[in-house]
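Notes follow the structure.
One-based numbering along the sequence shown. Excluded from the calculations below are hydrogen atoms, water molecules and symmetry mates; all remaining heavy atoms, backbone and side chain alike, are included. As the structure lists them, so they are numbered: ligands from 1, and atoms in each ligand from 1.
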Amino acid sequence: MEEIFEAIKIASKEIKEVILLGDTAKSENENSTGDTQLKLDIASDIIIEKVFKRIPSIKEIVSEEQESIVSLNEDGEYLIAYDPLDGSSLVDVNLSVGSIYGIYKDNFSAKNIVASVYVVFGPRVEMVIAYENKVQLFRLSNDEFKYVKDIKLNDAGNLNATGSTQMNWTQTHKTLVNEMFKDGYYLRYSGGMVPDLHQILLKGGGLFSYPGTADKPKGKLRQLFEVFPFAFTYKCAGGDAIDGSKSIFEVETTHIHDTTPCFFGSLSEINRVLKVYSNNG
Ligand code: AHG
Ligand code: MN
Ligand code: MN
């Protein structure tokens with residue numbers, strides 16, 4: 001596992017350079033979810049695939065930016081699903097973006113995730129590793145990722161970040177959000193799930209949600225590349241993640257690019273979601 005974390009560090013230093021100097025234009029291609037890929041998405045994807053190809057313990061990899069699974073080593077132990085550059089359209093306006101990695105065993109499913117990593121490219125480059133029930137923060141300094149601290153969520157926080165457009169929210173979701181603001185929660189939403197979830201983790205708690213909506217009942221965020229890795233991070237930090245009615249770890253994956261509604265938070269906010277969603281159907 002350590003060699004995978006080291007590979008992600010190497011890739012992240014290269015991706016940082018691509019973000020600093022790369023072309024933010026759109027490419028001619030669409031990914032499997034139908035998004036037009038940016039040249040930055042493709043460049044980051046190539047960097048990550050290159051570093052993972054050198055590691056014997058990796059059996060298969062799959063990228064949000066690619067159609068199918070790539071087999072690397074028949075005898076490898078780990079399967080990695082990754083989103084090379086989440087929120088890439090925000091580079092254009094100089095907001096923070098990130099990479100997300102889910103490390104699985106046996107097959108790509110929520111119950112088989114064993115570690116997760118994300119990297120935030122903001123004013124600073126930070127990396128958060130969740131493994132063996134610990135969540136640790138590292139920061140890039142003098143070309144090295146240095147350990148900063150362990151991360152734990154409080155039982156409750158005061159931040160609220162919720163995706164999609166209000167126009168398409170269900171009545172249940174509107175009720176949830178209104179009640180939270182009435183109770184004093186602060187709106188914090190940049191449109192990049194990596195910095196948005198990072199903020200909630202480091203400020204002690206709150207709720208990030210990307211619900212099922214009228215236009216997209218299964219939400220927007222992808223299970224393997226985005227939702228399961230962050231669910232794992234939040235769980236290891238003492239919080240939790242649900243799809244509105246059940247644990248994210250019970251969500252079944254039928255296709256590698258499947259999406260799911262998702263809610264990540266500290267325990268008090270997750271209980272609130274369960275209460276509101278079960279009362280309002
Ligand atoms: P990606 O850049 O990989 O396509 O996904 C961005 C994601 C996520 O970071 C963010 O939370 C969400 O899309 C924002 O979607 P909305 O603009 O619909 O809120
Ligand atoms: Mn993404
Ligand atoms: Mn992406």
Open item on the list: Tell me the protein heavy atom at minimum distance from atom 18 (O) of ligand 1, and give that distance in Å.
Closed with: Y210 OH, 2.7 Å

TODO: Could you grab the distance from atom NE2 of H198 to atom CG of L137, nearest 0.5 Å is fine?
DONE: 5.5 Å

- [ ] Answer yes or no: is there an ion pair linking R222 with E226, defined by an N-O contact shorter than 4.0 Å?
- [x] yes

Task: Pick from C262, G191, G163: the one approaching atom 10 (C) of ligand 1 most closely through a non-hydrogen atom - done: G191

Open item on the list: Can you confirm whether E269 sits close enough to Y185 that some side-chain heavy atom of one is under 4.5 Å from a side-chain heavy atom of the other?
Closed with: yes

Open item on the list: I'd like to check whether L221 has a polar contact with ligand 1, where a contact means an N/O of the residue lying under 3.5 Å from an N/O of the ligand.
Closed with: no

- [ ] Measuring from the Mn ion (ligand 2), name the closest N, O or S atom belonging to D86.
- [x] OD1

Open item on the list: I'd like to check which ligand 1 atoms, numbered from 1 as shown, lie under 4.0 Å from a non-hydrogen atom of E226.
Closed with: 3 (O), 5 (O)

Open item on the list: Can you name the atoms of ligand 1, numbered from 1 with element, that are less than 4.0 Å from a heavy atom of S88?
Closed with: 2 (O)

Task: For atom 14 (C) of ligand 1, closest protein heavy-atom neighbour - done: Y189 OH, 3.4 Å

Open item on the list: From the N, O or S atoms in D83, identify the one nearest to the Mn ion (ligand 2).
Closed with: OD2

TODO: May I ask you to decide if the ring planes of Y82 and F52 are parallel, tilted or perpendicular, using 30° and 60° as cut-offs?
DONE: perpendicular

TODO: Looking only at non-hydrogen atoms, find the nearest pair between A130 and T233 and report the distance.
DONE: CB-CA, 3.8 Å

- [ ] Starting from atom 6 (C) of ligand 1, locate the nearest protein heavy atom and write down its residue, its atom name and how far away it is, to 0.1 Å.
- [x] D86 OD1, 3.5 Å

TODO: Applying side-chain hydrogen bond (donor to acceptor under 3.5 Å, both in side chains), name anything that partners T253, two or more places apart in sequence or on another chain.
DONE: Q223

Task: Aromatic ring proximity F230/Y118, centre distance under 6.0 Å - done: yes

TODO: Evaluate the side-chain proximity of I58 to I80: yes if any heavy-atom separation is below 4.5 Å, no if none is.
DONE: yes

- [ ] Mind checking whether D196 contacts ligand 1 via backbone (N, CA, C, O), side chain (CB onward), both or neither, at a 4.0 Å heavy-atom cut-off?
- [x] neither

TODO: Specify the protein heavy atom at minimum distance from atom 3 (O) of ligand 1: its residue, its atom name, and the distance to 0.1 Å.
DONE: E64 OE2, 3.0 Å

Task: E64 near the Mn ion (ligand 3) via N/O/S, less than 2.8 Å - done: yes

Open item on the list: Please list the nearest protein heavy atom to atom 15 (O) of ligand 1 with its residue and the distance rounded to 0.1 Å.
Closed with: K220 NZ, 3.2 Å

Task: Structural part of R222 in contact with ligand 1, heavy atom criterion under 4.0 angstrom - done: side chain

Open item on the list: Any heavy-atom pair between the side chains of R124 and S141 that's under 4.5 Å?
Closed with: no

Open item on the list: I need the nearest protein heavy-atom contact for atom 2 (O) of ligand 1: residue, atom name and distance, please.
Closed with: G87 N, 2.7 Å

Open item on the list: Taking the basic N atoms (NZ, or NE/NH1/NH2) and the acidic carboxylate oxygens, is any pair closer than 4.0 Å for K59 and D75?
Closed with: no

TODO: Consider ligand 1: state whether an atom of it lies below 4.0 angstrom from any non-hydrogen atom of F208.
DONE: yes

Task: Heavy-atom check, side chain of M193 versus side chain of D86, under 4.5 Å - done: yes

Task: Considering only N, O or S atoms of E226, the one closest to the Mn ion (ligand 2) - done: OE2

